[in-house]
Each structure stands twice: as structure tokens, then as C-alpha cells.
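Just below is one structure, and these are the notes that go with it.
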There are 2 protein chains.
Amino acid sequence: MHMQNILHIQKKLVPDLVQVMQKRYKILHQILVSGTVGRRTLAANLDLTERTLRSELDILREQGLLETGTTGMTLTESGRRLLEELEPFVKEVFGLSELEEAVRLKFGLRKVVVVPGDSDVSEDAKREIGRAGSRVLSQSLSPGDIVAVMGGTTMARMAAQIKVQAPLTDNWFVPARGGLGESVEYQANTIASELAKRTGARYRMLHVPDHLSEEAYQTIMQEPNVREVVDMIRRARIVVHGIGDAITMARRRKLDADTVRELLKDGALAEAFGYYFDKNGAVIHRMATAGLRLEDIEAAETVIGLAGGRSKGEAIAAVLRFGHDDILVTDEAAAEEALKHG
Amino acid sequence: MHMQNILHIQKKLVPDLVQVMQKRYKILHQILVSGTVGRRTLAANLDLTERTLRSELDILREQGLLETGTTGMTLTESGRRLLEELEPFVKEVFGLSELEEAVRLKFGLRKVVVVPGDSDVSEDAKREIGRAGSRVLSQSLSPGDIVAVMGGTTMARMAAQIKVQAPLTDNWFVPARGGLGESVEYQANTIASELAKRTGARYRMLHVPDHLSEEAYQTIMQEPNVREVVDMIRRARIVVHGIGDAITMARRRKLDADTVRELLKDGALAEAFGYYFDKNGAVIHRMATAGLRLEDIEAAETVIGLAGGRSKGEAIAAVLRFGHDDILVTDEAAAEEALKHG
DNA sequence: CAGTAGCGGGACGATTAGCGTCCAGCTTCG
DNA sequence: CGAAGCTGGACGCTAATCGTCCCGCTACTG
């Protein structure tokens with residue numbers, strides 16, 4: 001645990017080092033398997049543009065790793081040896097990004113970010129998910145966007161770390177759902193306000209008590225300022241949510257015994273944005289509070305899921321199977337686990 | 001030997017990023033020892049410009065390694081931990097550049113280039129010295145410059161690897177000394193011609209047999225084309241030479257027994273540009289052939305010495321003590337050894 | 001309590017590096 | 001002998017980087 005691999009350290013100090021290493025490794029590797037190959041062919045094989053490849057080749061040539069002849073480029077003895085020496089590290093260097101790509105393909109996502117570690121055992125990993133999540137959210141934001149956010153500890157951590165260049169005077173943060181029985185610092189309302197405060201955006205609260213009678217529910221929904229927030233939720237272009245284990249969430253939200261029994265019977269596995277899912281991603285149950293509906297999830301342009309820890313891998317897989325998430329931010333352990341159950 | 005450290009690999013694969021790593025480490029380290037420090041102070045301490053430092057600081061802050069307060073910048077817990085984790089690798093990351101700086105200061109040189117390895121045992125290191133030497137020479141060249149070169153295997157390797165962007169139509173390569181009894185492929189004449197051929201520059205040969213009588217010597221020096229080359233040598237702005245062990249060189253050049261004995265008696269240790277030096281850098285003996293004199297060495301703007309291998313460390317130190325070299329290109333083992341004897 | 005030194009961060013123009021793109025000249029191979 | 005594929009050069013556009021200066025603020029110090 002303490003003898004951290006130097007690659008992990010380097011990733012912090014020089015974040016793009018690993019990517020560049022990967023790129024150059026791929027180039028050398030491709031030349032190795034090709035024997036002798038020309039620049040254009042190489043560019044096509046590696047899906048790089050001719051010019052960027054050329055810059056890399058110049059560097060590699062400068063380092064004496066490859067030679068240029070009239071028929072194309074070949075690895076030098078030095079280059080071949082380097083590739084061989086690099087072999088043991090390749091798995092590690094490529095580990096996370098390969099994981100990201102694997103998860104992305106398996107669940108048909110637009111983007112996957114995997115941070116190192118396991119949130120179940122490492123506070124570091126949790127923080128990294130928060131940081132990575134906030135970065136993803138920042139990148140996804142366009143002027144005028146309304147962002148609907150859920151609650152939860154991961155969401156709170158994300159909110160606590162977001163930073164923007166310039167104040168987002170043109171954006172809104174709204175809670176995706178009314179009160180869901182969480183303690184106040186992890187409620188969607190709190191998170192929306194924290195996000196707004198830290199980014200200079202505006203926000204709205206949605207105060208709808210849990211467990212209302214149908215009649216009371218209809219009444220409160222007629223309230224203008226509830227109506228207004230719900231309308232904003234309907235128009236949200238971005239939705240950010242955590243993913244939880246069904247039973248844990250049910251307990252945390254103090255569902256009544258009957259409901260819990262029913263959830264168990266139906267095979268509830270995961271929870272996200274107030275819905276419970278079974279292992280196939282089918283919706284089992286809906287929390288009784290106002291706000292985001294499934295149609296809104298489908299209408300949103302970017303749905304971002306945040307969750308980490310090996311124990312959540314299966315739940316993540318279930319929610320991803322539901323099929324409406326676009327971006328996943330998770331950690332190594334959860335990603336591996338999700339793949340197993342995908 | 002075979003389980004190479006990944007840092008060695010990275011130095012080859014991503015040398016640019018390793019430098020960036022060094023820079024960022026230095027910044028973090030400086031902040032650590034300063035406790036809290038402002039940008040300007042930091043820039044002055046690290047000898048960086050304010051703006052470049054600032055870009056780096058932004059990245060490091062983005063990585064959560066440092067925090068910015070009203071009184072200056074401080075490392076975060078993350079940053080301190082990173083620095084601690086990095087400690088075991090620092091020596092290795094900085095190994096060569098620290099070595100370069102140490103040698104540079106010890107012998108008062110303008111520039112020192114140290115390549116990894118030991119030429120005594122590694123063919124790779126020899127080639128790297130050649131490559132590095134050719135790069136240094138290219139960088140030192142200005143239009144119109146005359147370059148005087150010596151012979152030797154290291155010089156030959158350098159010549160074989162030099163490359164230039166555009167042909168040096170305005171430069172001359174001349175042998176620094178007439179024949180010095182080396183086999184033809186390592187003679188200064190050959191090297192000058194090879195360098196010229198590979199760079200598009202022009203060259204002159206200097207054919208002066210060894211061991212001439214004083215009379216014959218005076219006669220040959222009156223020869224117009226000898227005279228002409230010697231004049232060019234006098235005007236050389238750059239001198240490039242190898243450094244040898246005195247006894248080895250004496251033997252290779254088949255000096256007569258008397259002279260060798262005399263060299264030994266006088267404590268000859270090193271040889272460079274036809275002169276023999278004792279351990280204090282004092283000139284013991286001069287080879288009897290035409291060409292470069294000590295005055296010319298002093299007049300030259302840039303004197304570049306090339307030599308590697310632990311066994312040559314002491315000789316290198318002796319020549320550097322002579323005090324007229326500006327740039328040294330060597331390998332790790334020789335540099336370490338030279339420091340011991342400096 | 002007022003003055004000041006030192007702080008971070010904003011701004012902006014000049015410079016440069018990076019990149020897409022196309023072309024010339026060469027070698028090799030069919 | 002022609003076609004294909006190769007390298008390396010060239011060039012203009014764009015985006016990033018950098019040097020430089022300035023502003024407002026804070027926390028000391030006298």
C-alpha cells in the first residue's frame with residue numbers, strides 16, 4: 001500500500017505522461033509487427049494524423065529507437081530492446097485506459113473515467129472520483145444548461161471539489177428529486193446549492209416531503225414554486241447522479257419493512273435517481289417523491305453516473321444496463337467488478 | 001541488468017516528460033522547504049520565469065498537490081505525500097543531470113552532457129556519447145565556423161552519427177593535428193572528411209608524417225597547402241577532441257621505449273589533442289607533428305571533449321584540470337570517476 | 001491604526017509550437 | 001519502364017505559451 005508504483009506517482013505529477021507513453025509504445029509496437037512501414041500506412045493503422053505521427057517519429061528517431069530507410073521505417077536494436085523491456089509495464093500503463101475502454105464498449109457509453117484504487121478501502125479513490133466527476137461535469141457544461149443533480153455522499157464529494165474558470169452566471173442547478181430521506185448534507189437540495197455556490201451559477205430548491213397521500217401530493221404539485229422547479233427538471237440537459245446498492249439505500253432512506261421485503265422479492269440490486277433496478281436494469285420500484293421521471297432521463301442530453309468501490313460494481317452494472325447513462329465515473333475495482341456482471 | 005527500471009525506459013521513450021517531471025518535482029520541493037511562498041520568490045529561487053512557473057503551478061494545483069492562500073502557496077497533504085513517495089526515485093530521475101551539474105561546477109565548464117551507462121562495458125553507452133557529441137557539435141556551430149577535429153574511436157563514432165538539417169555549405173572541417181600514428185579510420189583526416197561529407201561542409205586534409213627531422217619539418221611547413229591548412233587550424237572557432245589514457249595512447253601510437261619511459265617518469269596520465277598531461281593537468285609531452293598548438297586551444301571559442309568509460313575517468317579529470325575545455329560529453333561511469341579524481 | 005511589502009490572479013500582445021495539408025524527389029518493385 | 005510508396009520539405013493557420021504589467025487584496029510592521 002505504501003510502496004506505491006512510480007507510475008501512480010507520475011500520473012499525478014505529469015498527467016499526460018502515461019498517455020504519451022502509450023502513444024509512443026503503440027507506434028513502436030506497430031513498427032515492430034510491420035517490420036518496415038511507411039508513415040502514411042502507419043498513420044492509418046494507428047489512427048493518427050500524418051503530422052502528429054511525424055512529430056512523434058522525429059522524437060523516437062532522435063532517441064535512436066527507429067531508423068529511416070528509403071523503404072520505410074524500422075526499429076533499431078535499441079528500439080526492439082526497449083519494447084521488450086517495456087513489456088512488463090505495458091499492462092500497468094494501459095491498465096486503466098483499457099479498463100475505461102472495456103467498460104465503455106460493454107455498456108455502450110459515451111465516455112468512461114476510471115480512477116485508480118478502490119473506494120471501499122481507500123479514501124483517496126473516493127476523492128478522486130469526486131474530482132474526476134467535477135471535471136467531467138465542467139467539461140460537459142454549455143452556457144444555458146440546466147443541471148439536475150441527485151444526492152448521496154459521492155455527489156457531495158463531487159460538489160465540494162468543483163471549480164470553474166469563470167462564474168457560470170448562465171447555468172442552473174436543480175435537485176433532480178424532492179427529499180429522499182437522506183440526511184441533510186447529502187440531499188439533492190444541498191448539493192445543488194453547493195454546486196451553484198462554488199461555480200457562481202443559480203439554483204432552486206425542491207421541498208417535497210416523502211410519503212405524501214396522493215391528494216396532498218397533487219396539491220403540493222400545484223404550488224407555483226414547486227411547479228417551476230419541476231418544470232426546470234423536465235428541461236435539464238445534464239443529469240448527475242450517484243449509484244447505490246439497493247438494500248443499503250433502502251435502509252438509509254428508512255423504507256418501511258413491507259417495501260423492503262417487496263424489493264428483495266423482486267430482486268432489487270441497485271438504486272439511482274430514486275429508482276430501484278434489478279440485475280437486468282429493469283425498474284422495480286420508484287420512490288414516492290416529486291421530480292425527475294424516467295422520460296426526463298431519456299430526454300437529457302448527458303447523464304453522468306458517479307460511483308466507486310468494488311462492492312458497488314454489480315449495482316453499477318445494473319444501472320448501466322438500464323441504458324440511459326452516457327458517462328460513468330468510477331474506480332478501478334468497481335470497473336472490474338462491473339465488467340464481470342455486465 | 002535485464003530488469004531495467006522503468007525510469008530508464010522512460011528516459012528513452014519520453015525524455016521530454018521526464019524533464020517536466022524534474023521541473024515539477026523541484027517546484028514542489030521548493031514549496032515544501034519554504035513552507036509558504038509566493039510566486040515571485042519561488043520563480044527567483046528556481047530560476048524560472050514568472051509565467052512558466054505559473055503554468056506549472058496551475059497544473060499542480062489542478063492535481064490537488066498545492067493550495068493557494070492569501071499569504072502564498074502551500075503543499076496539500078496530497079502534495080506532501082507525493083513528494084515523500086517520490087523520494088526513492090528522485091536520485092534516479094535526477095541522477096544524470098545532477099552528475100552533469102556536479103562535473104560542470106567542479107571543472108568550471110560551460111556545459112556537460114552525461115549519457116547513461118559505462119562505455120567500458122556497454123556498446124550502447126559508446127554510441128550514445130557519439131550521438132550526444134554530434135548533437136552538441138551541431139548546436140555549437142555557427143555559419144562560417146572552422147572546426148578542428150582530432151582522431152580516435154570516439155571521434156569516429158561521433159562523425160558517423162552527425163546529422164544536420166541543412167547542408168553546412170559555409171563551414172569547414174580540418175584535422176587539428178597531422179598524422180598521429182593511428183590507423184587510418186581513426187585519423188583526424190578521415191574524421192574531418194567524414195564529418196564534412198555527412199554535413200555538406202567542406203574539409204581539408206593535413207598530411208604530415210610523424211617523426212620528421214627538424215629540417216624536414218621546416219621544409220614541409222613551407223608547402224603552400226600544408227601552410228594553408230595550418231592557418232585554418234589557427235583560426236578554428238571550435239575544437240573537438242577525444243581524451244585518452246596516456247599509456248594506452250602511447251602504445252597505440254607506437255612511441256619508442258625511451259619516450260614512454262619518460263612519460264611514465266613524469267607521471268603522464270592523459271592524452272588529448274596530441275599532448276600528454278599529468279594528474280594536475282600540466283603538459284608533460286607534445287607529439288611531434290604539425291597543427292594545433294596550445295595557444296590555438298586557448299583562442300578557440302568552444303573546445304569540446306568526448307570520452308567515456310570508467311577507466312578513462314581519471315584521464316578526463318586530468319585534461320579538464322588543464323582548463324581549456326568548454327564542453328564535456330561523457331558517460332555516467334566516467335563522470336563519477338572524474339569527480340572522484342577532481 | 002496607517003503604510004507597505006508581498007500575495008494571487010487578470011489581461012494582453014508577441015511569439016512560437018503544433019498541426020493539417022500538399023508537393024517534390026527518390027527508391028523499389030512489378 | 002511505369003506505378004506505387006516512401007521520406008522530407010514547405011507553408012499557412014490556429015491555438016497555446018510566455019513575457020510583462022497591473023490591480024486589488026491581505027497581513028504584517030512600525
Side-chain angles (χ1 to χ4, degrees), chain A residues 14-17 19-20 23-24 27-28 30-76 79 139 163-169 198-200, chain B residues 14-17 19-20 23-24 27-28 30-76 79 138-139 162-169 198-200:
Chain A
V14 196
D16 35 346
L17 175 125
Q19 289 178 18
V20 176
K23 195 201 288 185
R24 296 196 185 155
I27 293 172
L28 289 178
Q30 187 63 39
I31 298 178
L32 180 71
V33 302
S34 303
T36 300
V37 66
R39 199 204 311 143
R40 288 163 222 273
T41 314
L42 199 52
N45 286 341
L46 293 164
D47 198 31
L48 292 172
T49 66
E50 189 186 326
R51 197 58 181 77
T52 50
L53 173 61
R54 206 164 149 183
S55 309
E56 299 297 335
L57 289 174
D58 286 344
I59 296 170
L60 295 173
R61 193 181 303 115
E62 173 76 12
Q63 292 301 311
L65 301 176
L66 57 88
E67 272 169 346
T68 295
T70 58
T71 60
M73 290 163 302
T74 321
L75 290 193
T76 61
Q139 286 163 5
K163 270 202 174 176
V164 287
Q165 308 269 346
L168 307 173
T169 52
R198 292 185 56 85
T199 59
Chain B
V14 279
D16 38 354
L17 296 186
Q19 284 187 358
V20 174
K23 195 201 288 185
R24 298 201 181 146
I27 294 173
L28 289 179
Q30 185 63 39
I31 298 178
L32 180 72
V33 301
S34 304
T36 299
V37 66
R39 196 205 312 143
R40 289 161 223 273
T41 315
L42 198 53
N45 286 340
L46 292 164
D47 198 31
L48 293 173
T49 66
E50 189 187 325
R51 197 57 180 76
T52 50
L53 173 61
R54 207 164 148 186
S55 311
E56 299 298 335
L57 289 175
D58 287 342
I59 295 170
L60 294 173
R61 195 180 302 116
E62 170 77 13
Q63 293 299 311
L65 301 176
L66 57 88
E67 272 169 348
T68 294
T70 57
T71 59
M73 290 162 301
T74 322
L75 291 193
T76 61
S138 302
Q139 287 163 5
I162 199 168
K163 269 201 174 177
V164 286
Q165 308 267 347
L168 306 173
T169 52
R198 292 187 56 87
T199 59

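This structure is a prediction, so every number in the text was calculated from the model and none was measured. Within every chain, numbering begins at 1; the chains are lettered A, B, ... in the order of the sequence lines, protein sequences first and strands thereafter. Every heavy atom of this structure was used, including side-chain atoms; hydrogens, water molecules and symmetry mates were not.
Take B:D16 and apply the side-chain contact (heavy atoms from CB on, under 4.5 Å) test, not counting sequence neighbours, and it matches A:R24, A:I59, B:V14. In this structure B:R51 satisfies the salt bridge (charged side-chain N to carboxylate O under 4.0 Å, His left out) test with no other residue, sequence neighbours excluded. A search for side-chain contact (heavy atoms from CB on, under 4.5 Å) contacts involving B:E62 returns A:R135, not counting sequence neighbours. With sequence neighbours left out, B:R54 forms a salt bridge (charged side-chain N to carboxylate O under 4.0 Å, His left out) with no residue at all. With sequence neighbours excluded, the residues forming a side-chain contact (heavy atoms from CB on, under 4.5 Å) with A:T52 are A:L48, A:T49, listed by chain and number. For B:E67, the side-chain contact (heavy atoms from CB on, under 4.5 Å) partners are B:T76, not counting sequence neighbours.
Here the P atom of nucleotide C:dG6 and the CG atom of B:N45 are 13 Å apart, to the nearest Å. Look at CG on B:L53: it is 13 Å from C1' on C:dC7, rounded to the nearest Å. A:L60 places its CG atom 16 Å from the C1' atom of D:dT7, with the value rounded to the nearest Å. What separates CZ of B:R51 from P of C:dC12 is a distance of 13 Å, to the nearest Å. As rounded to whole Å, 13 Å separates atom P of C:dG8 from atom CD of B:E67. Atom-to-atom, CD1 of A:I59 to P of D:dG8 comes out at 15 Å; the value is rounded to the nearest Å. The distance from atom CE of B:M73 to atom P of C:dG9 is 8 Å, rounded to the nearest whole Å. Regarding B:R61, its CZ atom lies at a distance of 8 Å from the P atom of C:dG8, rounded to whole Å.
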Polar atom pairs between nucleotides 23-26 of chain C and protein, under 3.5 Å, N or O only, would you list them?
residue : atom : partner : partner atom : Å
C:dC23  : N4   : A:R40   : NH2          : 3.2

So which protein nitrogen or oxygen atoms get under 3.5 Å of nucleotides 26-30 of chain D's nitrogens or oxygens?
residue : atom : partner : partner atom : Å
D:dT26  : O3'  : B:T70   : OG1          : 3.4
D:dA27  : OP1  : B:T70   : OG1          : 3.4

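With hydrogens and angles ignored, no donor-acceptor pair under 3.5 angstrom links the side chain of B:R54 to the base of D:dG19.
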What pairs of donor and acceptor atoms, side-chain ones from residues 30-38 of chain A against any protein atom, are under 3.5 angstrom apart with sequence neighbours left out?
residue : atom : partner : partner atom : Å
A:Q30   : NE2  : A:S34   : OG           : 3.4
A:S34   : OG   : A:Q30   : O            : 2.7
A:T36   : OG1  : A:T74   : OG1          : 3.4

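Proximity of B:S55 to the phosphate of D:dT17: no side-chain N or O atom is located under 4.0 Å from OP1 or OP2.
Ranking D:dC6, C:dG20, D:dG19 by closeness to the B:T49 side chain, first place goes to D:dG19.
Expressed to the nearest 0.5 Å, how far CG of B:L60 lies from CG of B:L66 amounts to 5.5 Å. Annotation: the span from B:L57 atom CG to B:L65 atom CG amounts to 11.0 Å, rounded to 0.5 Å.
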